[in-house]
K.L.:
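Let me begin by handing over the structure; questions about it come next.
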Amino acid sequence: MNATEQPLAAMFDRWNESLQTGDPKKVVANYAERSILLPTVSNTPRLTPAEKEDYFTHFLQSKPSGVINLRQIDISGDMAVDSGVYTFTMAAKGQTVAARYSFVYKWDGERWLIISHHSSGMPEG
């Protein structure tokens with residue numbers, strides 16, 4: 001990973017750490033006002049902050065913690081994409097879930113925010 005990719009790689013860490021707080025509002029703070037979440041364990045796309053908060057309220061009950069297994073980061077101007085595979089440990093359920101992911105970030109002049117987050121379970125897992 002080169003130096004320009006490091007701030008983007010840290011965005012996953014920031015998002016993952018917000019999961020550890022158990023507070024859905026802290027997780028949603030990583031997303032831009034106009035953004036989409038296509039979550040792993042729901043068929044419903046989440047567009048508004050309230051919809052994302054509703055999803056994370058339920059998801060956080062599993063006490064998830066993620067780790068990146070494989071990633072590719074691409075940056076172009078004020079947009080960046082971090083895509084790959086991650087694995088979540090669901091401490092409350094004692095299980096792990098592998099999924100493919102894509103985070104699309106946009107620089108808002110002060111910080112990188114998620115504008116699109118897609119996560120889907122591995123089809124052969």
Side-chain angles (χ1 to χ4, degrees):
M1 181 178 332
N2 66 44
T4 59
E5 293 175 348
Q6 288 175 347
L8 271 299
M11 295 295 77
F12 174 80
D13 297 334
R14 179 181 79 181
W15 179 81
N16 193 41
E17 288 166 8
S18 70
L19 295 178
Q20 308 311 302
T21 70
D23 182 345
K25 289 184 186 312
K26 290 186 178 179
V27 181
V28 174
N30 293 293
Y31 294 80
E33 183 73 24
R34 186 179 188 291
S35 60
I36 187 168
L37 168 64
L38 301 169
T40 309
V41 294
S42 171
N43 292 333
T44 306
R46 310 300 170 122
L47 296 168
T48 68
E51 290 170 341
K52 290 177 191 76
E53 187 175 328
D54 175 68
Y55 172 77
F56 284 114
T57 295
H58 300 288
F59 183 66
L60 293 175
Q61 292 174 358
S62 297
K63 300 193 180 310
S65 177
V67 63
I68 300 285
N69 305 107
L70 170 87
R71 79 166 4 133
Q72 178 174 309
I73 295 175
D74 293 293
I75 304 167
S76 180
D78 66 352
M79 303 279 289
V81 179
D82 177 359
S83 300
V85 177
Y86 51 25
T87 301
F88 280 91
T89 300
M90 307 300 205
K93 298 178 180 180
Q95 69 185 76
T96 59
V97 177
R100 299 170 289 189
Y101 75 88
S102 294
F103 287 101
V104 179
Y105 297 99
K106 184 166 178 52
W107 180 256
D108 75 351
E110 296 179 17
R111 61 192 171 139
W112 291 101
L113 291 171
I114 301 165
I115 60 169
S116 177
H117 177 192
H118 176 248
S119 182
S120 58
M122 296 297 255
E124 298 173 13

K.L.:
Check whether any side-chain heavy atom of R111 sits under 4.5 Å from a side-chain heavy atom of Y105, and report yes or no.
P.N.:
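SC-SC contact between R111 and Y105 ruled out.
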
K.L.:
T87: what forms a side chain to side chain contact (heavy atoms under 4.5 Å, CB included) with it, not counting sequence neighbours?
P.N.:
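Partners of T87 by the side chain to side chain contact (heavy atoms under 4.5 Å, CB included) criterion, ordered by chain and then number, come out as V67, N69, T96, A98.
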
K.L.:
Hey, can you pull the donor-acceptor pairs under 3.5 Å for the side chains in residues 36-47, sequence neighbours left out?
P.N.:
residue	atom	partner	partner atom	Å
T40	OG1	S119	OG	2.3
S42	OG	T44	N	3.1
S42	OG	R46	NH2	2.9
R46	NE	T44	O	3.1
R46	NH1	E51	O	3.3
R46	NH1	D54	OD2	3.0

K.L.:
Going by heavy atoms in the side chains, are D82 and Y101 under 4.5 Å from each other?
P.N.:
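Touching, per the 4.5 Å side-chain cut-off.
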
K.L.:
Shared ILVMFWY cluster between V81 and M79, side chains joined below 4.5 angstrom?
P.N.:
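Per the 4.5 Å side-chain linkage, V81 and M79 are co-clustered.
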
K.L.:
Are P24 and T57 packed together at the side-chain level, in the sense that at least one heavy-atom pair is separated by less than 4.5 angstrom?
P.N.:
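Contact flag for P24/T57 side chains = yes.
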
K.L.:
Give the intermediate values and the outcome of side-chain contact (heavy atoms from CB on, under 4.5 Å) for residues L19 and F88.
P.N.:
CA-CA 11 Å; L19 295 178; F88 280 91; 3.7 Å; yes

K.L.:
Examine distances only and state if a side-chain atom of Q20 and a backbone atom of P64 form a donor-acceptor pair shorter than 3.5 Å.
P.N.:
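Here the side-chain-to-backbone pair exists.
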
K.L.:
Working to the nearest 0.5 Å, report the span between NZ of K52 and OH of Y31.
P.N.:
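That separation rounds to 8.0 Å.
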
K.L.:
For residues R71 and A9, report the shortest heavy-atom separation together with the two atoms involved.
P.N.:
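Scanning both residues, the minimum pair turns out to be NH1-CB, 3.5 Å.
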
K.L.:
Is the number of heavy atoms from other residues, nucleotides or ligands within 6.0 Å of CD (E33) greater than 12?
P.N.:
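Incorrect, the count does not exceed 12.
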
K.L.:
Does any part of the side chain of S35, heavy atoms only, come nearer than 4.5 Å to the side chain of L113, both counted from C-beta?
P.N.:
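No, too far: nothing below the 4.5 Å cut-off.
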
K.L.:
How long is the straight-line distance from OG1 of T21 back to CG of L60, given to the nearest 0.5 Å?
P.N.:
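These two atoms lie 7.0 Å from each other.
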
K.L.:
Parallel, tilted or perpendicular, judged at 30° and 60°: which one describes the rings of Y86 and W15?
P.N.:
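Parallel.
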
K.L.:
Test of understanding: with salt bridge (Lys or Arg N to Asp or Glu O under 4.0 Å), list the residues that count as partners of K106, not counting sequence neighbours.
P.N.:
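Once residues adjacent in sequence are excluded, the partners of K106 under the salt bridge (Lys or Arg N to Asp or Glu O under 4.0 Å) criterion are D78.
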
K.L.:
Atom CD1 in I115, atom CH2 in W107: separation rounded to 0.5 Å?
P.N.:
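Rounded to the nearest 0.5 Å, the CD1-CH2 separation comes out at 14.5 Å.
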
K.L.:
According to a 4.5 Å side-chain heavy-atom criterion applied to Ile, Leu, Val, Met, Phe, Trp and Tyr, with indirect links allowed, do V27 and M90 form part of one hydrophobic cluster?
P.N.:
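Yes; tracing contacts between hydrophobic side chains, which count when under 4.5 Å, links both residues.
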
K.L.:
Is there a continuous path of hydrophobic side-chain contacts, each under 4.5 Å between heavy atoms, that joins V104 to Y55?
P.N.:
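Cluster IDs for V104 and Y55 differ.
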
K.L.:
Please round to the nearest 0.5 Å and tell me the distance separating atom NE2 of H58 and atom CD of E53.
P.N.:
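H58 NE2 to E53 CD: 10.5 Å, rounded to 0.5 Å.
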
K.L.:
Under the side-chain contact (heavy atoms from CB on, under 4.5 Å) criterion, do W112 and F103 qualify, and how do the steps go?
P.N.:
CA-CA 11 Å; W112 291 101; F103 287 101; over 6 Å; no

